[in-house]
Amino acid sequence: VTQQAIAERIEEFVRVQFEVDPDDPGFDRTVDLFEQGYVDSVGFAELLAFFTEEFGVEIPEDDLLSEEFLRIDGMATIVSRLTLDAVGLGR
Amino acid sequence: MSVIRALERDDITSVASLYESIARSGSDVPAQGLARYFERTLLDHPWADPEIPSLVYVDDLGSVKGFIGSHVRRLRLDGRPVRMACSGQLMSDPAVRNRAAGTLLLRRFFAGPQDLTMTDGATEETRRIWRGLGGSIGHLGSITWVRPFDLRAAGERALERFGMAAWRPVVRPALAAGQAAANRIPRISLRVKDPPTQAEDLTTQALLEHLPSVAQHRRLVPDYDERFLTWLFHEMATVRSRGELVRRLVRDQQGRVLGWYVAYLQPRGLSQVMQIAARERDAAAVLDHLLHEAQRMGVAVLTGQFEPLLFEALAQRRRRCFLHLSANFLVHARDPEVLNPILIGQAMITRMDGERWMGHHLEPFG
(Lines give C-alpha, C1' and ligand atoms only; values in the text may rest on other atoms or scores of the structure.)
Protein backbone atom coordinates (compact mmCIF):
# COMPACT_ATOMS: atom_id res chain seq x y z
CA VAL A 1 0.00 0.00 0.00
CA THR A 2 1.47 3.38 -0.96
CA GLN A 3 1.71 6.32 1.42
CA GLN A 4 -0.70 8.16 -0.86
CA ALA A 5 -3.27 5.38 -0.57
CA ILE A 6 -2.85 5.32 3.21
CA ALA A 7 -3.44 9.09 3.38
CA GLU A 8 -6.57 8.71 1.25
CA ARG A 9 -7.93 5.99 3.51
CA ILE A 10 -7.23 8.01 6.67
CA GLU A 11 -8.87 11.08 5.17
CA GLU A 12 -11.91 9.04 4.21
CA PHE A 13 -12.16 7.63 7.75
CA VAL A 14 -11.79 11.05 9.38
CA ARG A 15 -14.34 12.65 7.08
CA VAL A 16 -16.95 9.97 7.76
CA GLN A 17 -16.25 9.19 11.41
CA PHE A 18 -15.98 12.78 12.54
CA GLU A 19 -18.64 14.13 10.18
CA VAL A 20 -16.49 16.67 8.39
CA ASP A 21 -18.55 18.87 6.11
CA PRO A 22 -17.59 18.01 2.48
CA ASP A 23 -17.52 21.76 1.72
CA ASP A 24 -15.35 22.65 4.72
CA PRO A 25 -12.63 24.87 3.20
CA GLY A 26 -10.42 24.57 6.30
CA PHE A 27 -10.07 20.80 6.10
CA ASP A 28 -7.21 19.16 4.25
CA ARG A 29 -4.45 16.66 4.91
CA THR A 30 -2.15 19.27 6.43
CA VAL A 31 -4.52 20.74 8.98
CA ASP A 32 -3.92 20.06 12.71
CA LEU A 33 -6.91 17.78 13.35
CA PHE A 34 -6.83 18.28 17.10
CA GLU A 35 -6.13 21.99 17.26
CA GLN A 36 -8.91 22.67 14.76
CA GLY A 37 -11.37 20.49 16.66
CA TYR A 38 -11.96 17.79 14.07
CA VAL A 39 -10.81 15.08 16.47
CA ASP A 40 -11.09 15.03 20.27
CA SER A 41 -9.79 12.58 22.91
CA VAL A 42 -12.53 10.09 22.15
CA GLY A 43 -11.90 10.42 18.42
CA PHE A 44 -8.21 9.90 19.03
CA ALA A 45 -8.95 6.53 20.62
CA GLU A 46 -11.16 5.66 17.65
CA LEU A 47 -8.35 6.63 15.28
CA LEU A 48 -5.95 4.31 17.07
CA ALA A 49 -8.43 1.46 16.80
CA PHE A 50 -8.83 2.26 13.09
CA PHE A 51 -5.06 2.10 12.48
CA THR A 52 -4.88 -1.29 14.14
CA GLU A 53 -7.86 -2.70 12.27
CA GLU A 54 -7.14 -1.17 8.88
CA PHE A 55 -3.35 -1.32 8.67
CA GLY A 56 -2.46 -3.81 11.40
CA VAL A 57 -0.13 -1.38 13.18
CA GLU A 58 0.22 -0.18 16.76
CA ILE A 59 1.55 3.36 16.75
CA PRO A 60 4.44 3.80 19.22
CA GLU A 61 3.99 6.46 21.88
CA ASP A 62 6.83 8.64 20.55
CA ASP A 63 5.02 8.90 17.23
CA LEU A 64 1.72 9.67 18.92
CA LEU A 65 3.35 12.51 20.85
CA SER A 66 5.06 13.90 17.75
CA GLU A 67 3.89 16.94 15.78
CA GLU A 68 3.68 14.67 12.74
CA PHE A 69 0.76 12.73 14.17
CA LEU A 70 -1.45 15.80 14.29
CA ARG A 71 -2.00 15.80 10.51
CA ILE A 72 -3.31 13.24 8.05
CA ASP A 73 -0.19 13.49 5.89
CA GLY A 74 2.00 12.94 8.95
CA MET A 75 -0.11 10.01 10.09
CA ALA A 76 0.21 8.46 6.65
CA THR A 77 4.00 8.86 6.81
CA ILE A 78 4.11 7.13 10.19
CA VAL A 79 1.75 4.32 9.20
CA SER A 80 3.64 3.79 5.95
CA ARG A 81 6.93 3.54 7.81
CA LEU A 82 5.47 1.12 10.34
CA THR A 83 3.96 -1.12 7.67
CA LEU A 84 7.29 -1.21 5.82
CA ASP A 85 9.10 -1.98 9.08
CA ALA A 86 6.64 -4.80 9.73
CA VAL A 87 7.56 -6.54 6.44
CA GLY A 88 11.26 -5.83 6.89
CA LEU A 89 11.50 -3.12 4.22
CA GLY A 90 11.96 -0.17 6.53
CA ARG A 91 15.12 1.88 6.80
CA MET B 1 8.29 17.21 22.84
CA SER B 2 5.73 16.25 25.47
CA VAL B 3 6.38 13.10 27.46
CA ILE B 4 4.43 10.67 29.59
CA ARG B 5 6.27 9.34 32.62
CA ALA B 6 5.72 7.83 36.05
CA LEU B 7 4.46 10.13 38.80
CA GLU B 8 7.20 11.24 41.17
CA ARG B 9 6.73 12.59 44.67
CA ASP B 10 7.83 16.03 43.49
CA ASP B 11 4.88 16.10 41.06
CA ILE B 12 2.25 15.79 43.77
CA THR B 13 1.75 19.53 44.27
CA SER B 14 1.32 20.04 40.52
CA VAL B 15 -1.14 17.14 40.34
CA ALA B 16 -3.14 18.54 43.27
CA SER B 17 -3.23 21.99 41.60
CA LEU B 18 -4.39 20.48 38.33
CA TYR B 19 -7.06 18.46 40.09
CA GLU B 20 -8.27 21.44 42.13
CA SER B 21 -8.51 23.44 38.95
CA ILE B 22 -10.30 20.82 36.85
CA ALA B 23 -12.32 18.66 39.23
CA ARG B 24 -12.93 20.86 42.27
CA SER B 25 -13.11 24.62 42.81
CA GLY B 26 -11.50 25.85 39.60
CA SER B 27 -8.72 27.52 41.57
CA ASP B 28 -5.06 26.83 40.84
CA VAL B 29 -4.41 26.68 44.57
CA PRO B 30 -5.24 23.22 45.91
CA ALA B 31 -7.20 22.80 49.14
CA GLN B 32 -4.97 22.29 52.11
CA GLY B 33 -4.56 18.56 52.52
CA LEU B 34 -5.41 17.57 48.94
CA ALA B 35 -1.76 17.05 47.99
CA ARG B 36 -1.25 14.91 51.07
CA TYR B 37 -4.35 12.90 50.21
CA PHE B 38 -2.96 12.17 46.73
CA GLU B 39 0.34 11.21 48.29
CA ARG B 40 -1.32 8.81 50.75
CA THR B 41 -3.63 7.15 48.25
CA LEU B 42 -1.17 6.90 45.37
CA LEU B 43 2.35 6.60 46.71
CA ASP B 44 2.10 5.49 50.31
CA HIS B 45 -0.54 2.78 50.31
CA PRO B 46 0.60 -0.73 51.21
CA TRP B 47 0.11 -2.15 47.72
CA ALA B 48 1.67 0.74 45.78
CA ASP B 49 3.55 -0.94 42.96
CA PRO B 50 6.42 0.85 41.22
CA GLU B 51 5.86 -1.33 38.15
CA ILE B 52 2.33 0.09 37.78
CA PRO B 53 2.77 3.74 38.65
CA SER B 54 0.44 6.68 38.29
CA LEU B 55 1.36 8.66 35.18
CA VAL B 56 1.80 12.31 34.33
CA TYR B 57 1.73 14.06 30.97
CA VAL B 58 4.44 16.72 30.88
CA ASP B 59 4.44 19.39 28.18
CA ASP B 60 7.38 20.86 26.25
CA LEU B 61 8.04 23.35 29.05
CA GLY B 62 8.21 20.67 31.74
CA SER B 63 4.81 21.40 33.30
CA VAL B 64 2.49 18.63 34.44
CA LYS B 65 -0.59 18.95 32.24
CA GLY B 66 -2.24 15.57 32.61
CA PHE B 67 -2.56 12.79 35.13
CA ILE B 68 -3.94 9.31 35.70
CA GLY B 69 -3.98 7.75 39.16
CA SER B 70 -2.97 4.13 39.65
CA HIS B 71 -4.55 2.25 42.52
CA VAL B 72 -3.10 -1.24 42.52
CA ARG B 73 -5.08 -4.04 44.10
CA ARG B 74 -4.19 -7.69 44.59
CA LEU B 75 -6.60 -10.44 43.59
CA ARG B 76 -6.51 -14.18 43.15
CA LEU B 77 -7.86 -15.99 40.11
CA ASP B 78 -8.44 -19.66 40.88
CA GLY B 79 -5.80 -19.25 43.55
CA ARG B 80 -3.09 -17.60 41.49
CA PRO B 81 -2.10 -13.96 42.10
CA VAL B 82 -3.47 -11.30 39.79
CA ARG B 83 -2.52 -7.63 39.82
CA MET B 84 -5.38 -5.24 39.17
CA ALA B 85 -4.78 -1.57 38.41
CA CYS B 86 -7.72 0.65 39.15
CA SER B 87 -7.39 3.77 37.04
CA GLY B 88 -8.62 6.88 38.76
CA GLN B 89 -8.59 10.64 38.50
CA LEU B 90 -7.92 10.78 34.76
CA MET B 91 -7.60 14.45 33.86
CA SER B 92 -5.84 16.82 31.49
CA ASP B 93 -5.39 20.55 31.36
CA PRO B 94 -7.68 22.14 28.74
CA ALA B 95 -4.49 23.48 27.14
CA VAL B 96 -3.45 19.94 26.14
CA ARG B 97 -6.86 18.41 25.45
CA ASN B 98 -6.24 19.11 21.78
CA ARG B 99 -3.29 16.74 22.13
CA ALA B 100 -5.55 13.99 23.44
CA ALA B 101 -3.44 13.78 26.59
CA GLY B 102 -6.09 11.79 28.46
CA THR B 103 -6.24 9.13 25.77
CA LEU B 104 -2.47 8.88 25.63
CA LEU B 105 -2.25 8.52 29.41
CA LEU B 106 -4.84 5.77 29.42
CA ARG B 107 -3.19 3.97 26.52
CA ARG B 108 0.14 3.93 28.36
CA PHE B 109 -1.63 2.82 31.53
CA PHE B 110 -3.24 -0.13 29.71
CA ALA B 111 0.19 -1.16 28.46
CA GLY B 112 1.46 -1.71 32.02
CA PRO B 113 2.29 -5.16 33.43
CA GLN B 114 -0.96 -5.50 35.37
CA ASP B 115 -3.23 -8.43 34.52
CA LEU B 116 -6.36 -6.35 34.72
CA THR B 117 -7.27 -2.68 34.55
CA MET B 118 -10.59 -1.40 35.82
CA THR B 119 -12.49 1.69 36.80
CA ASP B 120 -15.85 1.87 38.52
CA GLY B 121 -16.33 5.61 38.17
CA ALA B 122 -16.29 6.17 34.42
CA THR B 123 -17.95 9.14 32.76
CA GLU B 124 -19.49 8.95 29.29
CA GLU B 125 -16.33 10.37 27.72
CA THR B 126 -14.06 8.00 29.63
CA ARG B 127 -16.20 5.06 28.58
CA ARG B 128 -15.88 5.95 24.91
CA ILE B 129 -12.11 6.32 25.21
CA TRP B 130 -11.85 2.97 26.99
CA ARG B 131 -13.92 1.31 24.29
CA GLY B 132 -11.73 2.84 21.59
CA LEU B 133 -8.63 1.48 23.31
CA GLY B 134 -10.04 -2.02 23.62
CA GLY B 135 -11.72 -1.88 27.03
CA SER B 136 -15.07 -3.49 27.82
CA ILE B 137 -18.07 -2.56 29.90
CA GLY B 138 -18.47 -4.76 32.97
CA HIS B 139 -22.22 -5.02 32.60
CA LEU B 140 -22.97 -6.58 35.95
CA GLY B 141 -20.76 -4.13 37.82
CA SER B 142 -22.49 -1.28 36.00
CA ILE B 143 -25.86 -2.16 37.50
CA THR B 144 -26.76 -0.33 40.69
CA TRP B 145 -29.53 -1.38 43.03
CA VAL B 146 -31.45 1.38 44.70
CA ARG B 147 -33.56 1.24 47.86
CA PRO B 148 -35.54 4.34 48.88
CA PHE B 149 -36.46 4.83 52.54
CA ASP B 150 -37.69 8.40 52.69
CA LEU B 151 -39.43 9.65 49.55
CA ARG B 152 -39.35 13.30 50.62
CA ALA B 153 -35.63 13.41 51.30
CA ALA B 154 -34.87 11.19 48.30
CA GLY B 155 -36.88 13.40 45.97
CA GLU B 156 -35.25 16.55 47.25
CA ARG B 157 -31.77 15.04 46.87
CA ALA B 158 -32.64 14.02 43.31
CA LEU B 159 -33.74 17.57 42.48
CA GLU B 160 -30.49 18.95 43.90
CA ARG B 161 -28.46 16.45 41.95
CA PHE B 162 -30.08 17.41 38.67
CA GLY B 163 -29.74 21.13 39.35
CA MET B 164 -33.47 21.57 39.95
CA ALA B 165 -33.41 22.56 43.63
CA ALA B 166 -35.64 25.55 42.86
CA TRP B 167 -38.47 23.07 42.15
CA ARG B 168 -38.46 21.80 45.73
CA PRO B 169 -41.44 23.89 46.96
CA VAL B 170 -43.51 22.66 43.99
CA VAL B 171 -42.62 18.99 44.31
CA ARG B 172 -42.54 18.75 48.11
CA PRO B 173 -46.33 18.29 48.61
CA ALA B 174 -46.41 15.39 46.14
CA LEU B 175 -43.44 13.75 47.81
CA ALA B 176 -45.01 14.22 51.22
CA ALA B 177 -48.26 12.66 50.00
CA GLY B 178 -46.35 9.72 48.56
CA GLN B 179 -44.49 9.21 51.83
CA ALA B 180 -47.72 9.43 53.84
CA ALA B 181 -49.31 6.79 51.62
CA ALA B 182 -46.25 4.56 51.96
CA ASN B 183 -46.46 4.92 55.74
CA ARG B 184 -50.15 3.94 55.86
CA ILE B 185 -50.52 1.23 53.23
CA PRO B 186 -48.66 -1.99 54.11
CA ARG B 187 -48.53 -3.14 50.48
CA ILE B 188 -46.33 -0.18 49.53
CA SER B 189 -44.69 0.44 52.89
CA LEU B 190 -41.00 1.26 52.88
CA ARG B 191 -40.55 0.14 56.50
CA VAL B 192 -38.00 -2.60 57.13
CA LYS B 193 -38.86 -5.17 59.79
CA ASP B 194 -36.47 -5.96 62.61
CA PRO B 195 -34.11 -8.65 61.33
CA PRO B 196 -33.67 -11.96 63.16
CA THR B 197 -29.91 -11.62 62.77
CA GLN B 198 -27.37 -9.90 64.98
CA ALA B 199 -24.29 -7.90 64.09
CA GLU B 200 -21.03 -6.67 65.47
CA ASP B 201 -18.27 -4.44 64.15
CA LEU B 202 -16.41 -6.02 61.26
CA THR B 203 -12.74 -6.22 62.14
CA THR B 204 -9.97 -6.77 59.62
CA GLN B 205 -9.22 -10.09 61.31
CA ALA B 206 -12.82 -11.29 60.96
CA LEU B 207 -12.94 -10.28 57.32
CA LEU B 208 -9.70 -12.13 56.59
CA GLU B 209 -10.88 -15.17 58.51
CA HIS B 210 -14.23 -15.49 56.76
CA LEU B 211 -13.38 -14.30 53.24
CA PRO B 212 -12.32 -17.75 51.96
CA SER B 213 -15.61 -19.40 52.93
CA VAL B 214 -17.79 -16.49 51.85
CA ALA B 215 -16.11 -16.17 48.44
CA GLN B 216 -15.53 -19.88 47.84
CA HIS B 217 -17.66 -20.12 44.68
CA ARG B 218 -16.08 -17.14 43.01
CA ARG B 219 -13.03 -17.47 40.80
CA LEU B 220 -11.63 -13.94 41.11
CA VAL B 221 -11.44 -12.55 44.64
CA PRO B 222 -9.49 -9.90 46.55
CA ASP B 223 -6.29 -11.09 48.18
CA TYR B 224 -6.54 -8.78 51.18
CA ASP B 225 -3.99 -8.81 53.95
CA GLU B 226 -4.03 -7.26 57.40
CA ARG B 227 -1.84 -4.28 56.52
CA PHE B 228 -3.81 -3.34 53.41
CA LEU B 229 -7.24 -3.70 55.06
CA THR B 230 -6.14 -1.63 58.03
CA TRP B 231 -4.98 1.09 55.65
CA LEU B 232 -8.12 0.82 53.52
CA PHE B 233 -10.58 1.05 56.42
CA HIS B 234 -8.64 3.94 57.89
CA GLU B 235 -8.69 5.86 54.59
CA MET B 236 -12.33 5.04 53.93
CA ALA B 237 -13.26 6.40 57.35
CA THR B 238 -11.55 9.70 56.59
CA VAL B 239 -13.97 10.38 53.72
CA ARG B 240 -16.56 12.05 55.92
CA SER B 241 -18.57 13.69 53.14
CA ARG B 242 -20.04 10.32 52.17
CA GLY B 243 -21.42 9.75 55.66
CA GLU B 244 -20.40 7.44 58.47
CA LEU B 245 -18.45 4.35 57.48
CA VAL B 246 -20.37 1.41 58.90
CA ARG B 247 -18.80 -2.08 58.95
CA ARG B 248 -20.87 -4.96 60.30
CA LEU B 249 -20.29 -8.68 60.57
CA VAL B 250 -23.69 -10.40 60.50
CA ARG B 251 -24.46 -13.60 62.42
CA ASP B 252 -27.57 -15.76 62.66
CA GLN B 253 -29.28 -16.49 65.97
CA GLN B 254 -26.91 -19.38 66.62
CA GLY B 255 -23.92 -17.11 66.15
CA ARG B 256 -22.90 -18.50 62.76
CA VAL B 257 -21.27 -15.88 60.52
CA LEU B 258 -23.48 -15.14 57.49
CA GLY B 259 -21.41 -12.37 55.91
CA TRP B 260 -20.80 -8.67 56.24
CA TYR B 261 -21.36 -5.27 54.75
CA VAL B 262 -19.37 -2.06 54.52
CA ALA B 263 -21.32 1.10 53.72
CA TYR B 264 -21.36 4.84 54.06
CA LEU B 265 -24.61 5.73 55.79
CA GLN B 266 -25.82 9.29 55.91
CA PRO B 267 -28.99 10.51 57.70
CA ARG B 268 -31.41 12.05 55.16
CA GLY B 269 -28.81 11.52 52.47
CA LEU B 270 -27.84 9.28 49.60
CA SER B 271 -25.86 6.41 51.07
CA GLN B 272 -23.66 3.91 49.30
CA VAL B 273 -22.80 0.31 49.96
CA MET B 274 -19.15 -0.44 49.34
CA GLN B 275 -19.18 -4.18 49.89
CA ILE B 276 -21.63 -6.96 50.68
CA ALA B 277 -20.09 -10.37 51.20
CA ALA B 278 -22.02 -13.55 51.86
CA ARG B 279 -22.65 -16.99 50.50
CA GLU B 280 -25.57 -16.87 48.10
CA ARG B 281 -27.87 -18.63 50.57
CA ASP B 282 -27.11 -16.01 53.25
CA ALA B 283 -27.11 -12.90 51.05
CA ALA B 284 -30.73 -12.00 51.79
CA ALA B 285 -30.16 -12.09 55.54
CA VAL B 286 -27.10 -9.85 55.28
CA LEU B 287 -28.93 -7.46 52.96
CA ASP B 288 -31.90 -7.30 55.34
CA HIS B 289 -29.64 -6.40 58.24
CA LEU B 290 -28.08 -3.65 56.14
CA LEU B 291 -31.48 -2.27 55.11
CA HIS B 292 -32.58 -2.22 58.72
CA GLU B 293 -29.40 -0.45 59.79
CA ALA B 294 -29.87 2.14 57.03
CA GLN B 295 -33.43 2.73 58.17
CA ARG B 296 -32.30 3.04 61.79
CA MET B 297 -29.79 5.71 60.78
CA GLY B 298 -32.39 7.67 58.82
CA VAL B 299 -30.94 7.13 55.36
CA ALA B 300 -33.02 8.58 52.51
CA VAL B 301 -31.79 6.30 49.72
CA LEU B 302 -29.35 3.42 49.76
CA THR B 303 -27.54 2.26 46.63
CA GLY B 304 -25.09 -0.53 45.93
CA GLN B 305 -23.41 -2.41 43.15
CA PHE B 306 -25.45 -5.31 41.81
CA GLU B 307 -23.97 -8.75 42.27
CA PRO B 308 -25.44 -12.07 41.17
CA LEU B 309 -25.48 -13.32 44.77
CA LEU B 310 -28.03 -10.60 45.54
CA PHE B 311 -30.30 -11.40 42.61
CA GLU B 312 -32.96 -13.40 44.45
CA ALA B 313 -33.00 -11.06 47.42
CA LEU B 314 -33.33 -7.95 45.27
CA ALA B 315 -36.00 -9.55 43.11
CA GLN B 316 -38.38 -10.00 46.05
CA ARG B 317 -40.86 -7.14 45.93
CA ARG B 318 -41.03 -6.73 49.68
CA ARG B 319 -37.51 -5.35 49.71
CA ARG B 320 -38.60 -2.42 47.49
CA CYS B 321 -35.37 -2.34 45.51
CA PHE B 322 -35.03 -1.37 41.88
CA LEU B 323 -32.16 -1.39 39.46
CA HIS B 324 -30.44 1.47 37.70
CA LEU B 325 -28.23 0.96 34.64
CA SER B 326 -25.14 2.93 33.81
CA ALA B 327 -21.88 2.08 32.07
CA ASN B 328 -19.40 3.19 34.68
CA PHE B 329 -17.68 -0.14 35.42
CA LEU B 330 -15.05 -0.73 32.77
CA VAL B 331 -12.43 -3.42 32.43
CA HIS B 332 -9.44 -4.13 30.22
CA ALA B 333 -7.28 -7.24 30.14
CA ARG B 334 -5.13 -8.87 27.52
CA ASP B 335 -6.01 -12.35 28.80
CA PRO B 336 -9.68 -13.31 28.41
CA GLU B 337 -9.22 -15.80 31.25
CA VAL B 338 -8.85 -12.85 33.61
CA LEU B 339 -11.71 -10.90 32.09
CA ASN B 340 -14.32 -13.64 31.87
CA PRO B 341 -15.02 -14.10 35.60
CA ILE B 342 -15.89 -10.41 35.78
CA LEU B 343 -18.11 -10.46 32.72
CA ILE B 344 -20.07 -13.54 33.82
CA GLY B 345 -20.43 -12.73 37.50
CA GLN B 346 -17.80 -15.01 39.04
CA ALA B 347 -15.72 -12.19 40.50
CA MET B 348 -15.84 -10.42 43.81
CA ILE B 349 -14.75 -6.92 42.90
CA THR B 350 -16.69 -4.44 44.97
CA ARG B 351 -16.73 -0.68 45.33
CA MET B 352 -14.25 -1.10 48.15
CA ASP B 353 -11.78 -2.42 45.58
CA GLY B 354 -12.20 0.39 43.07
CA GLU B 355 -12.20 4.16 43.28
CA ARG B 356 -15.82 4.71 44.31
CA TRP B 357 -15.05 5.25 47.99
CA MET B 358 -12.35 7.85 47.41
CA GLY B 359 -12.90 11.45 48.32
CA HIS B 360 -10.57 13.43 46.07
CA HIS B 361 -13.44 15.41 44.58
CA LEU B 362 -15.65 15.55 47.67
CA GLU B 363 -13.71 16.25 50.81
CA PRO B 364 -13.19 19.84 51.97
CA PHE B 365 -9.61 19.03 53.06
CA GLY B 366 -9.80 22.13 55.21
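Lettering of chains follows the sequences in order, A, B, ..., and the numbering in each one begins at 1. What you see below is based on every heavy atom in this structure, not just the backbone, and it leaves out hydrogens, waters and symmetry mates.
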*In terms of side-chain geometry, is the basic nitrogen of B/R9 or B/D44 positioned less than 4.0 Å from the acidic oxygen of its partner?*
yes
*Tell me, side chain or backbone of B/L106 under 4.5 Å from chain A's heavy atoms, or both, or neither?*
neither
*asked:* For the residue pair B/H360 / B/T41, report whether a side-chain donor-acceptor contact shorter than 3.5 Å exists.
replied: yes
*Taking only heavy atoms into account, what residues of residues 107-133 of chain B are found under 4.5 Å from chain A?*
B/R107, B/R108, B/E125, B/R128, B/I129, B/G132, B/L133
*asked:* Looking at every non-hydrogen atom in both residues, tell me the closest pair between A/T30 and A/D73 and how far apart they are.
replied: CG2-OD2, 3.6 Å
*Can you find a pair of side-chain heavy atoms, one from B/L339 and one from B/S136, that are under 4.5 Å apart?*
yes
_So does B/D59 get a backbone contact from the side chain of B/S63, meaning a donor-acceptor N/O pair under 3.5 Å?_
no
*Taking B/S54 for the side chain and B/S70 for the main chain, is one N or O donor matched with an acceptor at less than 3.5 Å?*
yes
*asked:* Restricting to non-hydrogen atoms, name the atom on B/V29 and the atom on B/E20 that form the minimum distance, rounded to 0.1 Å.
replied: O-CG, 3.4 Å
*Considering only heavy atoms, give the residues of residues 31-61 of chain A separated from chain B by less than 4.5 Å, sorted numerically, with 'none' for an empty result.*
A/D32, A/F34, A/E35, A/S41, A/V42, A/F44, A/A45, A/E46, A/L48, A/A49, A/E58, A/I59, A/P60, A/E61
*How close do B/I143 and B/H139 get, heavy atom to heavy atom, and via which atoms?*
CG1-O, 3.3 Å
*Can you name the closest pair of heavy atoms from B/R73 and B/G354 and give their distance?*
NH2-O, 4.4 Å
*asked:* Taking A/R15 first and then A/D21, would you say they form a salt bridge - that is, a charged N and a carboxylate O separated by under 4.0 Å?
replied: no
